Amino acid sequence: MIHAVLIFNTSGVPRLAKFYTPLQQSVQNLAQKIFSLVSSRPVTLCNFLDAPELESFLNQKDADGEKLRVVYRNYATLYFVFVVDAAESELGILDLIQVFVESLDRAFENVCELDLVFHFDEVHHILSEIIQGGIVLETNVEEIDHAVQTAAKARKESFASANPLSLGGGGVGSRGTGLQTPLGWLTGRLTGVGIR
Amino acid sequence: MWERTLQDLIRGLRANKQDEAKFVAQAIDEIRNEIKSKDMELKAGAVMKLTYLDMLGYDMTWASFHVVEVMSSSKMHLKSVGYLGAVQSFNEETDVLMLTTNLLKKDFTSRPDDVAVSLNGFSHIVTFDLARDLAPDVIKLLSHSRPQIRKRAVAALYKVFTKYPEVIGSAMSRIRERLEDPDAGVVAATVNVLCELARHNPTEYLPLAPQLFHLLTTSTNNWMLIKIVKLFGHLTPHEPRLVKKLQPQITELISTTPAISLLYECVRTCITGGVLQGSSGNTLARTCVSKLATFLEDEDQNLKYIALMAMVRIVPSHPHLVADYQDMILSSVDDQDISIRMRALDLVSAMANISNLQAIVQQLLSHLVKNETGLLPSAIQSLSQHTVPQSPTSKRSATSPSQNPAYRLILSQRILSLCSDNTYENVDDFEWYLSVLVDLTYVASVDIGSQIRDQLVDVTVRVRGARRFAVSLMVKLLCDDTFLSNAGEPGSCSEVLWAAAWICGEYCGELAEPQKLLNYLLQPQVLTLEPETIAVYLQAALKIFGVWTAELAEQWDNDDLPKAKGMVDTIVERLGEFASNPDIEVQERAASMLQLFTFMRADLNSFRPKANYAGYDDLGSTSFQDTSQEPSFPKSLFLIQPLSSTYELNTVASNAQEMVPVPEGLDLEAWIVSPPRDEPTGVFEEADGDEIEPVVKKKVKKGKRKETGEVKVKSNKKKRAHVPTYEDDTLHAEAEEIIETEEERATRERMKAERLERQKDDPFYLTDDRSSRKPAQPDIDSIPIVRLDDLPSLSQAVDSHLPTLRSANVGSSRQVFVIDKVGEMPEGATAQLSKAQIARETSPSIRNGAATTSSTHTPSPSPFPPYEVEDEPSRTGTPPPIKVTRAKKKTKPSGTGKKKRTATVETPSATLDS
């Protein structure tokens, strides 16, 4: 079972924190600890974090008495970290991280860190198509992408029906001018309430 | 009207990096207003912002009710915000969860999109109540028309099972149907769930094997195949026939699959599932190990890591196969990746046996040693490491993991556990092991001293043949001034000095010139050590001195007198410093030693050497029975030795405690006095067994005592007004109390009287023996009152410093009283001994010191036979050179002095005499 999914950037700022089982530690503590360990590892090392410092943090053991493992992967400025137990295959989780990133990439077209910053809700929705309650739902990128699109469309329609005056996916209007992102970056994707 | 949107909030956060706290505080204030709004869009926006802030570490639990409000919105885009907020912030204790039951029930029957969102949210927030109430609804969704929903329902059902397992039985057939679902995704999710379930209760899922096997042969989805193979790994140990069926299939997968993750999983299942047993299994095992060995050599560190992990599992059944790659594995311990090192360490530990242990431990030790040379640069590196979070570009690359303190600690612990496993099963040379322990002390530079200490003591006590060597090593350690002066630093392992002092003291018979060590044990520098170590130093010094004087006396020469005098003088002088140590244990030991040595000094000074004449050759250890025959040497030379060396200290079997028979007629369960029910707090049990006093009252008393005498009298008078019955006695006691402040016994009696009065007043206190108490009252008059003017300087100093603490004296006097009582009753003493045994058996380290102390003091209470050296019970025959004494095999506990004295009843110690 997957116990947590974390994304943070190379400065340790969290971009996503999802816990499927309650941990004794506070989220921030754990993320900071993992970040400090992960960020000091050169890229040539393996993707499994097996640090003695971590054991007190992850002292929670599963039924077989096996420790939780930390599997991580680094993409550009982001670290994707999965905390899993013995029921998951380590290499399988590495593949799953890849699947997650590919799904993000499909949803955001050339995903970058800013996408995750400003659409953290969307990232959660995408993740929820892959993992539900710590159980892997789907590993096929096509399927995931399809489900993500469907759900996004449903939210968009709901938003449109509730705000008949707003145009398209969500008019950022005059208040969107401060965005330091390429034009068109927001259009067609923003479906949340954030945009009014 | 210009509410901040989530985007505004994020932008604001990015713009206000310097003053984030203030900005967030302001934002949360706004959110607090918005979240109460009637406008659902606005409310949802606020929840969204909160959810974002929650990720950054700001609390959002206060808003959980509003989250539920948003969840209940009928609009999809708002509902999903609500569920997201719930998923991120709710936990088992969230009280509003009970409001969600009907909401979820409704959402489960709503549009497919709503169902998907609510199922996802449900699997996060599910509690026992929710699981119980909603299980039927989730089961219904298993046959939803959309595969999306079926998939989610299966996954959600797993969460229901974890919270409410009773439902598994009725739902299993429905889950099973999903294995034949037309949608591959649903099947994969079902396999996932089954895999999780089967881990905890494999036998229940054996009937699924045919279906799963069919999937194994037909599916091409690697992710699912991994899970199925894993699942079989859980099932095969419970169904041996599966092994035969699986073997060809798995062998084929291993040889054909291009996916390494699947290959690894097959290997792992072979290992955990017991597929490798039998002759055909052996060839498979060989294939597995050789596959893994290729991983070990692979460029990809991930594969190396995986291979090491798999090998750890294969070692127990096929150690010879793994042993072929020992060199490769040992070199992995040197890998610069700490993850790989940790796995290699596990593997190496699993591989250790009696023949390769020394090589392995030496290799591990060399890791610790190497860093000693690179200590200086590592300090700089560790400094620069601290700056890493600020400048992530400057990644540390040169720092070897072996400089990492946590790793060093693990490594040191591993060395110790490697050697001590199964009572030193793999160690054949204990002198080597003792040297390893001492080496480790010097090179570890992590906080492992207490574990080394325990090992040293344990080995020395258990292995008779290694004692001499141990003592020689420990003497070196004790004489190492640098080690002593570094003792205060972290990672210095100064606890080892505890063991060193204890071993040298306990086995000082091995020392050729014990008196030389005394200088080291009592040097002023010792005072910088931990108090418990100092205490052991003192005890060791006493033991060593005892042995030395006894030897001196046996070959007495009148020229030795100045030598003995000089030594006693030095010790008395040194002990003065120890006696003023702030630690009570050290102080007490030093003070009692001081008394012993002052006595010896007096004896030595009054000793008039007689003309030396022959005839004392027969001076055994028991030559002082005849007091009329004056020995030619000062008698006090034999004062100390019997205190500590009368009985040998043995390891205690773990079940020794159970072997102590309960004396006839002793009911350990019976209450001495049944406890009053109405007492509000914990109670004390008095030794004489008929009074019980609440703690609170004692504290009040203490507070009063701290005030001036005037107040005391006043308060007492007040009491007197309440209770006129014992007026005279009470007054009397008060007067005594005020005048004779030093008289502890009087105080105690007075306390009793007061307490009795209070209890008499107390309607809740059941006094059944008041009549028996009454005659005791007048006794206060007859108590002889002695003013102790010339108390030892020590206690005076304490008194003058803290004059108000006298009521604490009362407490202590009470405890002394307890001990006295116990001394009178043999049964009680046996119980006392058993306690000491437990202590020694659970931790041979610290308690040992205490235990020896108690045994040291036992012979002393009666002043009459101090010079009598009891006949040593004949010890077990001469020991073989090096031999592990396993505690298990010994059915007898150690016979200490106390035990022998009191154990006229049949106790296991009787075997010691035979």
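Lettering of chains follows the sequences in order, A, B, ..., and the numbering in each one begins at 1. Just so it is clear, the model here is predicted, and its values are computed rather than measured. Below, all heavy atoms of this structure are taken into account, side chains as well, without hydrogens, waters or symmetry copies.
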At a 4.5 Å cut-off on heavy atoms, which part of B/K304 comes close to chain A: side chain, backbone, both, or neither? neither
Would you name the heavy atoms of A/V117 and B/R14 that are closest together and state the gap between them? CG1-NH1, 4.0 Å
What closest approach, in Å, do A/F159 and B/H77 show between heavy atoms, and which atom pair accounts for it? N-ND1, 3.3 Å
Is it the case that the side chain of B/K159 and the backbone of A/G133 share a donor-acceptor pair, with hydrogens and angles ignored and the cut-off at 3.5 Å? yes
Using modelled atom types and a 3.5 Å cut-off, is there a donor and acceptor pairing between side-chain atoms of B/N192 and backbone atoms of A/I135? no
4.5 Å side-chain heavy-atom contact, B/K79 and A/S158: no
Pick whichever of B/A155, B/C195, B/A189 has the most heavy-atom pairs under 4.5 Å with chain A. B/A155
Output yes when A/E129 and B/R152 qualify as a salt bridge under the 4.0 Å nitrogen-oxygen rule, no when they do not. yes
Basic-acidic side-chain contact under 4.0 Å: A/R155, B/D113: no
Where do B/L119 and A/Q132 come nearest, in terms of heavy atoms and distance? O-NE2, 3.7 Å
So, the part of B/L56 with a heavy atom under 4.5 Å from chain A: the answer is both
Toward chain B, the part of A/L94 with a non-hydrogen atom under 4.5 Å: side chain
Side chain, backbone, both or neither: which part of A/N140 has an atom under 4.5 Å from a heavy atom of chain B? neither
Measuring heavy-atom distances to chain A, does B/K151 have an atom under 4.5 Å in its side chain, in its backbone, in both, or in neither? both
Atom pair CG/CG of A/N47 and B/D337 - distance to nearest 0.5 Å: 9.5 Å
Under a 4.5 Å heavy-atom cut-off, does chain B meet the side chain of A/F120, its backbone, both or neither? side chain
Under 4.5 Å from any heavy atom of chain A, what part of B/A156 do you find: side chain, backbone, both or neither? both
Looking at B/K75, B/E299, B/H124, B/M224, which has the largest count of heavy-atom pairs under 4.5 Å with chain A? B/H124
Nearest heavy-atom contact between B/Y264 and A/E90 is CE2-OE1, 3.6 Å
Among A/E157, A/R15, A/H146, single out the residue with the greatest number of heavy-atom pairs under 4.5 Å to chain B. A/R15
Heavy-atom contact with chain A under 4.5 Å, split by part of B/D300: neither
Nearest-0.5 Å distance, CG of residue B/N222 to CG of residue A/L91: 11.5 Å
Minimum heavy-atom separation for A/C46 to B/Y305, with atom names? SG-CD1, 4.0 Å
Out of curiosity, A/L37 CG to B/S339 OG, how far, rounded to the nearest 0.5 Å? 9.5 Å
Please determine whether side chain to side chain contact (heavy atoms under 4.5 Å, CB included) holds for the pair A/L137 and B/V154, giving the CA-CA distance in whole Å, both sets of side-chain angles, and the decisive distance to 0.1 Å. CA-CA 9 Å; A/L137 269 189; B/V154 170; over 6 Å; no
Structural part of A/Q32 lying under 4.5 Å from a heavy atom of chain B: neither
Is the CZ atom of B/R146 crowded by more than 12 outside heavy atoms at less than 6.0 Å? no
Check: B/Q148 main-chain N/O paired with A/E143 side-chain donor or acceptor under 3.5 Å: no
Heavy-atom pairs under 4.5 Å with chain A - which of B/N91, B/T51, B/V117 has more of them than the others? B/T51
Min side-chain heavy-atom separation B/Q301-A/F48 under 4.5 Å: no
Can you confirm whether A/K18 is buried at NZ, in the sense that more than 12 heavy atoms of other residues, nucleotides or ligands lie under 6.0 Å from that atom? yes
Measure across A/A17 and B/Q88 and return the closest heavy-atom pair with its distance rounded to 0.1 Å. O-NE2, 2.9 Å
Chain B heavy atoms under 4.5 Å from A/H125: which part of the residue, side chain, backbone, both or neither? side chain
Under 4.5 Å from a heavy atom of chain A, the part of B/L303 involved: side chain
Between B/R268 and A/S89, do the side chains contain an N or O donor and an N or O acceptor separated by less than 3.5 Å? no
